[in-house]
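As structure tokens, the structure follows; a few thoughts come after it.
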Amino acid sequence: MPADAPTVNPRQAGRWPRRRLALWALLLLAFVALAGVAYRYAEEAAIDRLRQSGARRLDTYTASLENLLSKYDFLPGTFELNNDVIAMLRHPGDEVLRTQVNVYLERVNRLAGSTSIYIVNLQGVTQAASNWRAPDSFVGDNVAFRPYVRDALRGVPGGFYGVGTTRGEPGYYFAQGIYHDGRMLGVATVKVNIESQEDGWAEAGGKVLLTDAHGVVFLSSVPAWKYHTLAPLAPAVRQELEQSRQYVSHALVPLGLRVVRVLDSRAGIVAGPPPAGGLMLSQSRALVRRNWRMVYLSDLAPARASARAAALLTLLSEALAVMLVLYARQRHRLGRQRRRAREDLQRAYDQLENLVAERTASLQQMTRELRDENAVRRQAEEQLHKAQSELVQAGKMAVLGQLSAGITHELNQPLTALRTMADNARVLIERGRLDDARANLDTISQLVARMGLLTGQLRQFARKSGALPSAVPVAEAVTAALFLVERRIAQERVGFRMATHARDLYALCDSNRLQQVLVNLFSNALDAMEMAGSAPRQLVVDAARHGDRILISVTDSGPGIPAEIRAQLFEPFFTTKPQGKGLGLGLAISEQIVREFGGQLRAESPPEGGARFIIDLPRAE
Ligand code: ADP
């Protein structure tokens, strides 16, 4: 473990994540709380907007309703101005008068746009009506039980919303006493249809309802809510309503609106009637003159949806903020890591560069040394080469030295013969024996030619050679070499034999060099046989083709090569010959020459005894 690695303390290890967990939990709580605040705020704002628009609606609706009704307020009071009406009430049996009043009421009703107009006597019985032509005309009906008639008979101008007892049509009833000379004669009643208002409410959207003093809904944009109550009716009230038959036979059960929250005296949040029961903002406005209350209900679902959206948006923004913070932190951390990695890389790069520079320098040094070494080696090679060629030359000279005795003899003999024959030739010429003299001269010529041949061979042998390899006829090379040792062979009575196959064989080498090798091998063989005094003495040369090689073997019947000296045979200056006789260079040089032409020189001990040297050379075409 590295020295600066953090040591793990179990307590610490446990505390860290726990603290972080607590932090996260706190943050989450704060976020949720913030979302809650956003929800509340958005809801309140939406409710505020709803309240404003609801208030405007209520203003409009109440004003338009009041306008409609106020148009008719004065109408019942105008009938006491008509003489026919007064006369009819004073003379109940006059049918002509009744008809006149009926027609009059009919006209006024049409002009005023009211539903019906009728006039009752002090007993509450209808004397004339605008709908007198209709089969269900009010004429003759007793309506004394109707509160507005009752009130009017009592001298209080009546205003009343109720459902008609004859046709069941709801309407607003205006009633006022008809006075003549300060005495009440009857009551004039005008009924106006205000249900048309509902259509306007329904068209504008939103739920509107109109309740009477008891909380009975008698007009509503939601038809099903009509003739329900906002709260359960007290038994006394219920009884009174039944008596007056204000809402005829409607059961007047509670609507089931439940107040959830009171905002102020005129507004609150209510749960709608079952089964839907959605939350609504409820706002109301009193119509003081009629003792009514108009209620406007706005659906809260959109407000709550927008509040939910606000909360969600808040949560999303919070999540985004957290993600941004985390992202920034991660980026910062990554940047730091990247910076560190870059620095490490730079360091490694610098080290590598240093290393490369060092290695390059040492390589250059090595190259220099190698170059120097090469130069030294080349020089050594050159020296070696020179030494070798000098050695070859020395070897030749050594052979020549050895041969010189024989050669001197070889030349002296013909020279003596030449002198004798020349002397003889002169005597023969003087004596006139010209033919004999000519024969002598021929012999002289032959002897000179032979001597020339010998010296030519010697010159060729001694010449330094640097020729390129060429096709050398093996038989010719053997003959030329033999020529140099011929005399020794004869003197030492050595049986020489050139085996068959030797004709038409060509080795790829230099003829002069091959001769040199052969002379060496022949001399060695003769030496060995001479020193051992062996008999009979045999020297056999054989040449044969082996694939693309030419093998020339030189076999003698000497003592052979002892095993202990076989390894040193080709070493320079190795010799077993007495001082002054051998230099120990012959085989070393021969081996070197053969190798130069891509060949091999090796020694063998044939089973029949003696020694055999084999020259192995590439064959020439
Ligand atoms: P040198 O002839 O001057 O001694 P060489 O290199 O030619 O040098 O020969 C090395 C030695 O190899 C000889 O001294 C001799 O001992 C041995 N040798 C060479 N040829 C023969 C042979 N035909 N038979 C036996 N020994 C040989």
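Hydrogens, waters and symmetry mates are skipped; everything else that's a heavy atom, side chains included, is used. As the structure is a computational prediction, the values presented were derived from the model and not from experiment. All ligand and atom numbering here is 1-based and tracks the order in the structure.
Near Ala528, with a cut-off below 4.0 Å to any heavy atom, the atoms of ligand 1 are 22 (C), 24 (N), 25 (C). The Leu569 neighbourhood of ligand 1 comprises atoms 12 (O), with distances under 4.0 Å to a heavy atom of that residue. Close contacts between ligand 1 and Thr575 involve ligand atoms 1 (P), 3 (O), 4 (O), 14 (O) [criterion: under 4.0 Å to a heavy atom].
A donor-acceptor contact closer than 3.5 angstrom links the side chains of Ser605 and Arg566.
When only interatomic distances are considered, the shortest N/O to N/O separation between Asp527 and ligand 1 does not fall below 3.5 Å.
A salt bridge links Arg438 with Asp435: at least one charged nitrogen is closer than 4.0 Å to a carboxylate oxygen. With respect to Glu43 and Arg40, a salt bridge is recorded, a charged nitrogen being found less than 4.0 Å from a carboxylate O.
Ligand 1 has no atom lying under 4.0 Å from any heavy atom of Pro559.
Among Thr555, Leu521, Asn524, the residue whose heavy atom lies nearest to atom 7 (O) of ligand 1 is Asn524. Of the options Pro562, Ser523, Gly560, Gly558, the smallest heavy-atom separation from atom 25 (C) of ligand 1 is shown by Gly560.
Counted within 6.0 Å of CZ on Arg419, heavy atoms from surrounding residues, nucleotides or ligands total 12 or fewer; the atom is thus considered open.
A distance of 7.5 Å separates CD1 in Ile615 from OG in Ser590, rounded to the nearest 0.5 Å.
Of the heavy atoms in Asn520, none comes closer than 4.0 Å to ligand 1.
Considering Arg595, Arg549, Arg545 in turn, Arg549 is the only one that fulfils the salt bridge (Lys or Arg N to Asp or Glu O under 4.0 Å) rule with Asp616.
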